[in-house]
Structures are given as structure tokens and as C-alpha cells.
Trainee: 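First the structure, which I've put down as C-alpha cells, then a few questions once you've had a look.
No experiment lies behind these values; they were computed from the predicted model shown. Protein chains get the first letters and strands the later ones, always in sequence-line order, with residue 1 at the start of each.
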Number of protein chains: 2
Amino acid sequence: MTQEVLSELDLTSLLSLSFSTSINELHDRLSELGFGDIRPVHGFMFKCITPNGSTGVELAEYLGITKQAVSKMVDYLEKCGYVIRKDHPTDKRGKIIVLTERGWLVVKAKEKILTEIEQRWIEKIGTQRLQMLKEDLTILVYEGNEDRLPTRLRPVW
Amino acid sequence: MTQEVLSELDLTSLLSLSFSTSINELHDRLSELGFGDIRPVHGFMFKCITPNGSTGVELAEYLGITKQAVSKMVDYLEKCGYVIRKDHPTDKRGKIIVLTERGWLVVKAKEKILTEIEQRWIEKIGTQRLQMLKEDLTILVYEGNEDRLPTRLRPVW
DNA sequence: AAAAAGTGGTCAATCAAGTTGACTATATTT
DNA sequence: AAATATAGTCAACTTGATTGACCACTTTTT
């Protein structure tokens, strides 16, 4: 696929390809660091867990999946050593899911890699253009979801 | 989720959200037109099928999935009336998958809706900024995949 | 020309990640 | 105190992918 082909793409396809380009690079590099058992959805989960932990229901709402699915994902992440369930301080029914030390390692690694990717993009298109890109995407996401917040505004792919 | 929250997001999350914003709107509107049985992946499939049809192996390569998975998807789309399998003109092992009349209807509808979405975005950020956005994304996709084309450059989400 | 290796497509079994429904324990409302 | 709602888990099922086996046909090798 050449640049000519790419430039004929509609914006939606371009967004899809640029997202997968960047998420693929992120997870390739996490794999090299020994975090090969982390999948993209876990990144969004960690976003909701940090910095103070999160309940299962909150995660389900944030990710747009059922609490049962969250429960399975937490089983997996707990088995892999990234999170643990703690008793909720005030609600005896609830648990709060918090990062372990290893969990924090992967979050820090993720941030570092994303910053590096963004830095490389700045080298390609310049600080100003990257700033504009981010502003414009923010506007598009905001305007495109205006009337149906918050249920439809989730990281889904 | 407010615009403030959005503006704190890293570029990767922003790309994810803007892609899902636009793909969600596309499929909501296709549903309203009676094409509720079409899912996002089918759009990328149609891209490869048009205009001259495509073999299963080509589709599998393009989409980055196995030929068995393609075969099942084609079963589904054939059942729904969007495509048909024809004998390959020169290779008696092969089939070519082509769009039916209904298949063309959905492709045309998709293009119309994507153009309208893009038009609305022009109203928000202007022709110039949209043009820059597309150019920049094209550069990012191209540069980000330079050394591993074509296997990693696929519409995946 | 015959034999060997490769390719396009499908069938079957399995896996992964989600779903719905049922249930327990605890909280909240009436 | 009783009724209702909520947080989390277990089990069964669905969906969309996978791997492996296979047939029919094509291409390459000998």
C-alpha cells in the first residue's frame, strides 16, 4: 500500500489506520519489555483504575461492557499480576480494583512509549501541526457526540 | 465526559475516540436506511471487493484474517443478499466474490454518509484544517508502517 | 507426460471475549 | 421491618475469530 493509495482514503478509514498504527506500535514495544500479556483494552481499563482504583461497575460503565465481562478481565489481570481486588472501604458488597507494583510499571512504560510516539510525530509534522491535529480531533469527538453523552463516548475499537 | 477531559487525552486515545465516533454515526445511519445487518468490518471488505470483485484469499490478506473467517463472512453477506460467489474465469478452484445490486446500494449509501460527515466536519474546523488533518494522518500512517509493509497496514480495530 | 508440490476454498472442532440470566450478600428506600 | 436496588460472581450461551484436515485444481519439477 503506497502513500498514493492512502491519500485516496476517506477520513474514517484514515482514522482507523492511524489508530491501529499507533496501538500496534505501543503493544509491540510493551511486548519487548515483557508485557506481552497486555491487550489494548487493558490500557483503557488502567486509565480508569489509576490513580485511586475503581469498582467493577465503574469499569463496566467506562468501557461500555457488562460487569460480568469486567469481572473476567479482572480475573485475568489479577492472575497475570497487574491488579488486585481489595475490599471496598465503605460498601461491604463492593471491591476496589487497584494496580499492583507490576501494574504501575506497565502504566509508566505505556506513557513513556506514547510520549515517544508523539515525539516522533512532532519530528514528522511539527509541533504546531500536531497541536492542531489534537485540537481538531477533540472538536470532532466532542461535536460528534454532543447529544448522546455519556453512553456513546467510550474508547471502543 | 467534557471537552476538558478530552483535551487531556493522548493522541492514541483521541484517534480511537474519533474513529469510533465516526464509525458509530455511519452505522447508525445505515441502520436507519435498512442496512442494519452490515457491520464495520463489512465496509472494509466492500472496499476490497469493489469495483471488480475479489477472491477469498485476497480478502483475507487485505483484512488480515484467515481465509476460513472470510469464507464465513461471505456466507453471511451472501445470505443477507449483499454479495454472490461466482466461478473464477480462469482458475477452476477459485471463486470471485462480487457485489449484488443491494451490495452496490449500501456502498453508495456509505459513501454518501461519509461525505456528509466530512462535510459537517468542514463546517466545524474549515476546509483547510480538514485538508491538513488528512495530510498529517496520511503521513503518520505511512511513516509508522514504512518498514513492515504491507502485512501490518490493514484496517483493524 | 507423470509425479510432486503448491494454492483456493470449505468443513469441523476449538478458542476468546463478549453476552444474558440467575443468584448471594449487602445497601437503600419506603 | 419489608421491599427494592446494587455489587459482584457463577454458569450457559453466542459470535467471530482461530487451527487442522481435506478436496479439487494448478503449477513446478523431473
Trainee: Verify, without hydrogens or angle tests, whether B:T12 (side chain) and A:S22 (backbone) share a donor-acceptor contact under 3.5 angstrom.
Mentor: no

Trainee: Classify every nucleotide of nucleotides 21-28 of chain C by which part a protein heavy atom approaches to under 4.0 Å, writing B for the base, S for the sugar-phosphate alone and - for neither, in 5'-to-3' order.
Mentor: B---BBS-

Trainee: Between the protein and nucleotides 2-5 of chain C, list every N/O to N/O distance that falls short of 3.5 Å.
Mentor:
none

Trainee: Can you find a side chain N or O atom of B:S71 that sits less than 4.0 Å from OP1 or OP2 on C:dT10?
Mentor: yes

Trainee: Any heavy-atom pair between the side chains of B:S18 and A:V141 that's under 4.5 Å?
Mentor: yes

Trainee: Check the distance between D:dT9's P and A:K79's NZ and give it to me in whole angstrom.
Mentor: 16 Å

Trainee: Separation of A:R85 atom CZ from D:dA7 atom P, in whole Å?
Mentor: 15 Å

Trainee: Per the end-axis method with five pairs at each terminus, what is the bend angle of the helix from C:dA1-D:dT30 to C:dT30-D:dA1, to 10°?
Mentor: 20°

Trainee: Please state how far atom CG in A:L77 lies from atom P in C:dA17, giving the value in whole angstrom units.
Mentor: 11 Å

Trainee: Taking CD from A:E58 and C1' from D:dA7, how many angstroms apart are they, rounded to a whole number?
Mentor: 11 Å

Trainee: Give the rounded distance in Å between these two atoms: CD of B:E61 and P of C:dT7.
Mentor: 13 Å

Trainee: Side chain of A:Y76, backbone of A:D37: donor and acceptor closer than 3.5 Å?
Mentor: yes

Trainee: Assess the side chains of A:S31 and A:D28: does a donor N or O sit below 3.5 Å from an acceptor N or O?
Mentor: no

Trainee: Below 4.5 Å, heavy atoms only, C-beta onward: do A:V106 and A:H42 meet side chain to side chain?
Mentor: no

Trainee: Please examine the side chains of B:M45 and B:V74, heavy atoms only from C-beta on, and report whether any two atoms are closer than 4.5 Å.
Mentor: yes

Trainee: How long is the line joining CZ of B:R39 and P of C:dG18, in whole Å?
Mentor: 15 Å

Trainee: So does B:S16 get a backbone contact from the side chain of B:S20, meaning a donor-acceptor N/O pair under 3.5 Å?
Mentor: yes

Trainee: Tell me which nucleotide among C:dG8, D:dT18, C:dT20 gets nearest to the side chain of A:T66.
Mentor: C:dT20

Trainee: From the options A:K47, A:K134, A:K110, A:K112, select the one residue that forms a salt bridge (charged side-chain N to carboxylate O under 4.0 Å, His left out) with B:D10.
Mentor: A:K47

Trainee: Keeping the roles fixed (side chain from B:T55, backbone from B:I96), state whether a donor-acceptor pair exists under 3.5 Å.
Mentor: no

Trainee: On DNA chain C, nearest-nucleotide positions of B:S54 versus B:K72: which is more 5'?
Mentor: B:S54

Trainee: Take atom CD1 of B:I65 and atom C1' of C:dT10, then tell me their distance rounded to the nearest Å.
Mentor: 15 Å

Trainee: Could you check how far CG of A:L59 sits from P of D:dA7, rounded to whole Å?
Mentor: 12 Å

Trainee: Side chain of A:E78, backbone of A:R85: donor and acceptor closer than 3.5 Å?
Mentor: yes

Trainee: In sequence, state the C-alpha distance, the side-chain angles, and the governing distance for B:R129 and A:E135, and then conclude on salt bridge (charged side-chain N to carboxylate O under 4.0 Å, His left out).
Mentor: CA-CA 10 Å; B:R129 289 283 281 248; A:E135 279 169 23; 3.3 Å; yes

